Number of protein chains: 2
Amino acid sequence: MADKPAIAATTHSDATPDGAQPRAKTGAVKMDDIARMAGVSKSTVSRALSGSPLVNEETRARIQVLVDSHSYRVDTRAQGLRKGRTHTIAVVIPLLHEHDQPISDPFFLELLGHIADAVADHGYDLLLSKIGPGRASGMADLVDTGRVDGLIAIGQSTAHLGLERLADRNLPLVVWGAQLPEQHYVTVGSDNKAGAERAVAHLIAQGRRRIVFLGQRTVPEMRLRHDGYVAALAAAGIEPDPALDVPTRFASAAALTAMRSLICGGATFDAVFACSDVIAISAIRALQDQGLRVPEDVAVVGYDDVQMAAFYNPALTTVRQDTATGGRLLVDLLFAQIAGRPTRSVMLPTELVVRASSGVVSGTTTPGPR
Amino acid sequence: MADKPAIAATTHSDATPDGAQPRAKTGAVKMDDIARMAGVSKSTVSRALSGSPLVNEETRARIQVLVDSHSYRVDTRAQGLRKGRTHTIAVVIPLLHEHDQPISDPFFLELLGHIADAVADHGYDLLLSKIGPGRASGMADLVDTGRVDGLIAIGQSTAHLGLERLADRNLPLVVWGAQLPEQHYVTVGSDNKAGAERAVAHLIAQGRRRIVFLGQRTVPEMRLRHDGYVAALAAAGIEPDPALDVPTRFASAAALTAMRSLICGGATFDAVFACSDVIAISAIRALQDQGLRVPEDVAVVGYDDVQMAAFYNPALTTVRQDTATGGRLLVDLLFAQIAGRPTRSVMLPTELVVRASSGVVSGTTTPGPR
DNA sequence: TTGAAAGCGCTAACAG
DNA sequence: CTGTTAGCGCTTTCAA
C-alpha cells in the first residue's frame, strides 16, 4: 500500500456527544415494543404497517404515531427470512482479467447508474459484486445464500458457460451482452454486429480502405463487432488484412501500447475502428504522439458514446448504445423472471453518432453532447 | 421510455431445458437436511461449518462432503438475524442535484471500484444506494432496517447536516469528502486546499495571472479548493477577480455551457483551474471551439487525475487523488468503527501531475499514464 | 464431542 | 377487526 496518510483530525469516539440517549447498539426498538406501547399485538402492528385493510383506522393511526416518533423500521432481514424474498438484486461485474483496474470503464458506470435507478424504482436494494474469472459459482451463491432474488450480469466476458449453468438452474438472471446462438440465458444488448458494420461502412464512405480493428475478440460482444467489421469490408469488396486486426484489452494503457506497436511496426492504415470509446481515445493519443493527425491522416470511430466522447478533441465519432433503456430493460426483465413470467432476449438498436474524428467535413458547429 | 426494442430472440421459459432436477424454488437444501444425511444434529453441522474446534474431524469431513456435493450454502439472512450482523455495508452516493446523470463522474467509479475491492477482501457484501438530496434519513434506514452494518458516503455534497445526525446516533459511518471544522463524522479525503493551492501556484509559475476558478463552491470539497485558489493568488499578490469565479455543476454539459458563456461574455483570462477533470475537459472543448489554444492561449489544470486525463489531448495537468488508498482507508476505518474502535479523519496528500495542458515545455515524451 | 431447546424479528394461518 | 400460535434457517447456551 502507498505511503501513510498525512494529517489527522476529528476524533470519533463512542462517547455520546451530548446527553443523548445512550442507547445500546442492540437497543433498536422492535415491533413487539411498538405493539406493547400501542396496547395491541405484534400481528396488528405488522398488519397496520403492511397496509392491510383488516385494521381499524384508529388503531392504525395510533400505531403509526408510535412508529414515527420512535422512528421504528421493520427489519427487512427478518421480514425476508419469513417471506422468502430478499428485496435485493445483485449486479455482477465479471472481471475480464486478473487485475484490470476494477470497474474502470465509464460505460459500465453509466449503465450501472441506470440500473441502480430502475432497481430503486422497484423499491429493491442493489448488491454490487465483482466476480473474478471462472468463478461463476460465486453468482449462484448470491442466490443460494438468500442474499438476493436475482442477478444482473454486466458483460458476459468469458463467463458464458457459467452463465449457462445459472440459467439452467432457473435462477432469475439477465445479462448485458451479446446474443449468442442457442444460449439459455436472457440478454439485453445493442446490435453489435449492425452497429459495427455501420461504423465501418461510414469510414469506407469517407474514402478509407485500410481500417484497423482494435479490440478483444475473445469477448462475445467484441467478436460480433468484428463480424460487423468484416461484413462492412466485404460489402465494399475489401479484403480484411490480418495485420490490421489488433487485439487489446479495455484499459487505456493497454490500448495505447497496442496502437503504438502497430504504428512502430510500420503498418499502413488510414482508419481505426475501436471497440470502445476508451480504446478509441487511447488510440488517438498514440496516433498523435507519433505525429499522425486525426482525422486527416487516420480517421477514428469508437463504440459506446460515453459522455466524454462528445468532449474529446477531436470529438469522437462513435456508435451509441442506449444505456438508459438498456438499464431499465435489464431490470424489468429480471423482475419479470422473478415473478415467474417468461422473458426473451432483447437487442437494442444502435445509432451512429458522427463527429469530427472520422473526418467528415462539418461547419464550425460542434456536434453537441447527447 | 424510449422506443420499443427491435429484435428479440432466445426465450427463457420456466420449463427445465433438459431432464434436470425440476427442483421447486423453495427446494434449496437446508442445514437440517445436511444434518439428517450426515446422521448428526443441526448444531453439529453449524459448528462444523463455522470451523469450531469442538467437532470431530471425521464428522466434519463427512459433513463437508455432503455440503459440497449438494452445494449447500448457509443462508446469510438467517445467520445474520441470529448473530445480529449483516455482513453487508452500504455505499451511498448522495446526489448533488435533482437529476444529474446518475453516478456519472469517472472519479466516483474509480473510488467505488477500490471500495468494492476492499469490502470484498473483508468478506462483506456491498449495497449500492443512491440517495436524493435532503433525505439523509434514507441512510439511517439502511442500518435501522438491519440491511447493513455500516455506511460509506461518497461525497458529502449538501448532506452535511444529515451526516452529522447519523454520526450523533453513533452509526458506523465514514465519509469521502472535506474535513470540516467541528464535524462529528469521520472523513477520508484529499487535502483539497493544499492540492488546489499547488495547482494554481503552478499556473502562476507559468506566468499566468488571470486564472478562472471553475467549480461549484456550495460543495464543501470545492469550497476548500476555492480557498486554495485564493491562497495561491494571494501568495503571488494577485487580487482575485469575481468575474473569473465561475460556478458550474459536475456534468460535462454544464461545464461546457458555463465556460462558453464566460468566453462569450468577453472575459479575459489566461488560465483555468477546474474542480474536476471532467469539468476541465469540457472547458478545454469550449475553449477550442472558440478558437483558443490550450495551453498557448489558456492553460488548464484539472483535479482528480482520472484515468482519461493522461490520454486527453492535450494531456491534462491535474491534481491526483489517490483513490486506491482512499478507498481502502474508507473501508478500514468503517470496519474499525463497527468493531467499536475509535477512529479519526484522514487527509490524504495530493500530487500535482504536470502534463501538457498547463503549458510546460516538455520534450517529445508524453507524460505517461499512472 | 454432540444434541435439545430457545430464540433472532417478523408474517401468516387460524381462531376468535 | 384482533390475538394466538407456529415457524422462516440459523446459532448458541446448557446438558449430556
Side-chain angles (χ1 to χ4, degrees), chain A residues 24-64 66-67 70-88 141 143-149, chain B residues 24-64 66-67 70-88 141 143-149:
Chain A
K25 52 162 65 165
T26 335
V29 24
K30 314 155 191 196
M31 194 176 272
D32 239 351
D33 302 332
I34 300 288
R36 206 165 308 121
M37 300 184 214
V40 297
S41 78
K42 231 179 8 174
S43 338
T44 304
V45 176
S46 173
R47 281 193 277 260
L49 260 33
S50 61
S52 158
L54 311 92
V55 183
N56 187 329
E57 265 318 318
E58 208 177 344
T59 318
R60 187 200 303 285
R62 188 153 33 96
I63 291 174
Q64 193 58 54
L66 259 359
V67 165
H70 292 257
S71 66
Y72 162 76
R73 321 264 69 178
V74 174
D75 184 320
T76 42
R77 200 151 78 275
Q79 187 175 247
L81 182 58
R82 178 63 230 237
K83 308 221 284 196
R85 302 178 290 99
T86 63
H87 257 266
T88 304
D141 276 7
V143 177
D144 291 339
T145 57
R147 287 185 289 188
V148 305
D149 293 336
Chain B
K25 54 161 64 166
T26 334
V29 24
K30 312 156 190 194
M31 195 176 272
D32 239 351
D33 302 332
I34 300 288
R36 205 165 308 117
M37 298 185 217
V40 296
S41 80
K42 230 180 7 176
S43 334
T44 303
V45 175
S46 174
R47 281 193 276 261
L49 259 33
S50 61
S52 157
L54 311 91
V55 181
N56 188 328
E57 265 316 318
E58 207 177 349
T59 319
R60 186 199 304 285
R62 188 152 33 96
I63 291 173
Q64 192 58 53
L66 259 359
V67 166
H70 292 258
S71 66
Y72 163 75
R73 319 264 71 178
V74 174
D75 185 318
T76 42
R77 198 152 78 273
Q79 188 176 245
L81 183 57
R82 178 62 227 237
K83 307 221 285 198
R85 302 177 290 98
T86 63
H87 257 264
T88 305
D141 275 7
V143 177
D144 291 339
T145 56
R147 285 185 291 189
V148 304
D149 293 335

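Throughout, a chain's letter reflects where its sequence line sits, starting with A, and its residues are numbered from 1. The structure displayed is predicted, hence computed values, not measured ones.
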Original post:
Given atom CG of A:D75 and atom C1' of C:dG7, what is their separation to the nearest angstrom?
Top reply: 14 Å

Subject >> Nearest-Å distance for atom pair CZ/P, residues B:R85 and D:dT11 >> reply: 10 Å

Original post:
So which pairs with a foot in residues 70-79 of chain A pass salt bridge (charged side-chain N to carboxylate O under 4.0 Å, His left out), sequence neighbours left out?
Top reply: A:R73-B:D141, A:D75-A:R77

Original post:
Tell me, which of residues 46-64 of chain B have any heavy atom that sits under 4.0 Å from an atom in DNA chain D?
Top reply: B:S46, B:R47

**OP:** Report yes or no: does A:S50 contribute a side-chain atom to a donor-acceptor pair with the main-chain N or O of A:S46 at less than 3.5 Å?
**Re:** yes

Original post:
Which residues satisfy the side chain to side chain donor-acceptor pair (under 3.5 Å) test with A:T86, sequence neighbours excluded?
Top reply: A:D149

**OP:** Check the distance between D:dC8's C1' and B:Q79's CD and give it to me in whole angstrom.
**Re:** 15 Å

**OP:** Check salt bridge (Lys or Arg N to Asp or Glu O under 4.0 Å) between B:D33 and all other residues, then give those that pass, not counting sequence neighbours.
**Re:** B:R36

**OP:** Ignoring backbone atoms, establish whether A:Y72 has a side-chain N or O less than 4.0 Å from OP1 or OP2 of C:dC10.
**Re:** yes

**OP:** Round to a whole Å and report the spacing from CZ of B:R82 to P of D:dC10.
**Re:** 13 Å

Original post:
Quick one: side chain to side chain donor-acceptor pair (under 3.5 Å) partners of A:R85, sequence neighbours excluded?
Top reply: A:H87

Subject >> Shortest side-chain distance from A:L81, nucleotide among D:dC10, C:dG9, D:dT12 >> reply: C:dG9

**OP:** Apply side chain to side chain donor-acceptor pair (under 3.5 Å) to B:T145 and list each qualifying residue two or more places apart in sequence or on a separate chain.
**Re:** B:R147

Subject >> Nearest atoms (heavy-atom pairs only) where A:S41 meets A:A35 >> reply: C-CB, 3.7 Å

Original post:
Atom NZ of A:K83 and atom P of C:dG9: how far apart are they, to the nearest Å?
Top reply: 18 Å

Subject >> Members of residues 36-45 of chain B that approach DNA chain D, where some heavy atom sits under 4.0 Å away >> reply: B:K42, B:S43

**OP:** Identify the heavy atoms of A:A38 and A:I63 that sit nearest to each other, and give their distance.
**Re:** CB-CG1, 4.1 Å

Original post:
OP1 or OP2 of C:dG9 sitting under 4.0 Å from any side-chain N/O of A:K30?
Top reply: yes

Sequence neighbours left out, cut at 3.5 Å: what donor-acceptor pairs do the side chains of residues 53-61 of chain A make with other protein atoms?
from, atom 1, to, atom 2, distance (Å)
A:N56, OD1, A:E58, N, 2.8
A:E57, OE2, A:R60, NE, 3.2
A:R60, NH1, A:A48, O, 3.0
A:R60, NH2, A:S52, O, 2.8

Subject >> Residues in side chain to side chain donor-acceptor pair (under 3.5 Å) contact with A:T76, at least two apart in sequence or another chain >> reply: none

**OP:** Please report how far the helix from C:dT1-D:dA16 to C:dG16-D:dC1 bends, comparing the axis fitted to its first five pairs with the axis fitted to its last five, to the nearest 10 degrees.
**Re:** 40°

**OP:** Go through the structure and list residues passing side-chain contact (heavy atoms from CB on, under 4.5 Å) with A:V74, not counting sequence neighbours.
**Re:** A:M31, A:L49, A:Y72, A:Q79

